[in-house]
Protein chains: 2
Amino acid sequence: MGTGSVGQAYASKFITLGYEVMMGTRNVLEKLADSARDVYGNPPFSAWLSANKSVKLGTFQEAALFGEIILNATMGAKSLEALKMADVKNLNGKILIDVSNPLDFSKGLPPSLLPELSNTNSLGEEIQKTFPDLRVVKTQNTMWNGLMINPAMLNGGDHTTFICGNSPEAKEAVMEILKSFGWQEGNILDLGDISSARGTEMYLPLWLRIWGATGNGAFNIKIVSLK
Amino acid sequence: MGTGSVGQAYASKFITLGYEVMMGTRNVLEKLADSARDVYGNPPFSAWLSANKSVKLGTFQEAALFGEIILNATMGAKSLEALKMADVKNLNGKILIDVSNPLDFSKGLPPSLLPELSNTNSLGEEIQKTFPDLRVVKTQNTMWNGLMINPAMLNGGDHTTFICGNSPEAKEAVMEILKSFGWQEGNILDLGDISSARGTEMYLPLWLRIWGATGNGAFNIKIVSLK
């Protein structure tokens, strides 16, 4: 779900790993006709798709129907709407890997978080509440997309990613996917149930400030602790 | 400002480093008479003070008048009230090292952040707005107090602390203090002006979830980045 740079990074990686991938978007024809660069200056989606011909493109509904595992890489403010367009009957019983953040660009830059989806709530929780039979696993929302799918590019792969969700089996399945990306098991920290997404999503304002101060998004945090 | 475990950790460290220290509290006689353990099971303040006789105790006002540098180690929800009791004339022109967090215990555990002091605001900013002639430096609110004053106990001292504030001179002075605690210059990351406190304070919910998941507060984050 989502055709931006995060969705593209995952789609390419999943294709490399032998998965079949359909990317979901609101309106397929509009998406293919859009020739503008995105807000970050990236080429239009159609150019990326031409270079990644084995990736299918469909509506949110078609992609959700197609997928055994669904990945939410839409803008956080639009995620619930996109999932509703996907239709609950195409989601029930499936795993949703939720890597999105409820960023609020309406109050200036750097963005804040959507008040109704932060502090005493989170986007991960709100998705889980809205779709009780979807198995939401929040992960990888705490870093630049290049690192999500290629942790080895930084510090020999020795840095931390978090995982939260209510279903131990779904978390286990997602951990296997993260390991296939190169994440070391000891660097995948299970924070508990989906309410822990409050923590990982509220880290984003710090991430944005570090990025702003250093001018370098290719960083992550590593948890170091006294044994 | 503040006589809890954070204030105690700093007071002991500053005494060791040769500073004169007066701790500020709301009511000196009540504080000395209180024989109860705190919510974390720590001994009463009077027991700590008996073992740290070179530390003076005064009201918030007396401590602010006494101090050339002021440290805010009060509960975040009470910090503005404590600083108002200290009296603006005892604060103006001085440096305030603000290590507090605007935790909200009213909505269950783990605590959330006070809505009016988070997301599009922060406690650090609110203190700066309330006392424009105080030079607020937000730092060290992102870790367990034992690490603040003794970074070397973990990972050879190689982990990250943040600093934010509007006055470069005040930040420079506080960086010197952090270095005297053992912080390595390359691990003190200047995030910019005091609005960056939004980032460091909003990290707390993640800190609390990591603590909850691991049962170990003696951890910190280290920023690792691609050069």
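Values below: every heavy atom of this structure, side chains too, minus hydrogens, waters and symmetry copies. In what follows, every chain begins at residue 1, and chains take the letters A, B, ... in the order their sequences are listed. Here the structure is a predicted model, which means the values were calculated and not measured.
The minimum heavy-atom distance between B/M202 and A/L113, with the atom names listed, is CE-CD1, 3.9 Å. A/L154 and B/V224 get closest at one heavy-atom pair: CD2-O, 3.6 Å.
Looking at A/L189, only its side chain comes within 4.5 Å of chain B, counting heavy atoms on both sides. Neither the backbone nor the side chain of A/P110 comes within less than 4.5 Å of any heavy atom of chain B.
At most 12 non-hydrogen atoms from other residues, nucleotides or ligands lie less than 6.0 angstrom from CE of B/M75.
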Chain A against chain B: donor-acceptor pairs under 3.5 Å:
unit_1	atom_1	unit_2	atom_2	d
B/L113	N	A/N119	OD1	2.8
B/L113	O	A/N119	ND2	2.6
B/N119	OD1	A/L113	N	2.8
B/N119	ND2	A/L113	O	2.6
B/S195	O	A/R209	NH2	3.4
B/S195	OG	A/R209	NH1	2.9
B/R209	NH1	A/S195	OG	2.9
B/R209	NH2	A/S195	O	3.4
B/N216	ND2	A/L226	O	2.9
B/A218	O	A/L226	N	2.8
B/N220	N	A/V224	O	2.9
B/N220	O	A/V224	N	2.8
B/K222	N	A/K222	O	2.8
B/K222	O	A/K222	N	2.8
B/V224	N	A/N220	O	2.8
B/V224	O	A/N220	N	2.9
B/L226	N	A/A218	O	2.8
B/L226	O	A/N216	ND2	2.9

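Considering only heavy atoms from C-beta on, A/L206 comes within 4.5 Å of B/L191 through its side chain.
Top candidate by heavy-atom pairs under 4.5 Å with chain A, chosen from B/G192, B/C164, B/G212, B/A213, is B/A213.
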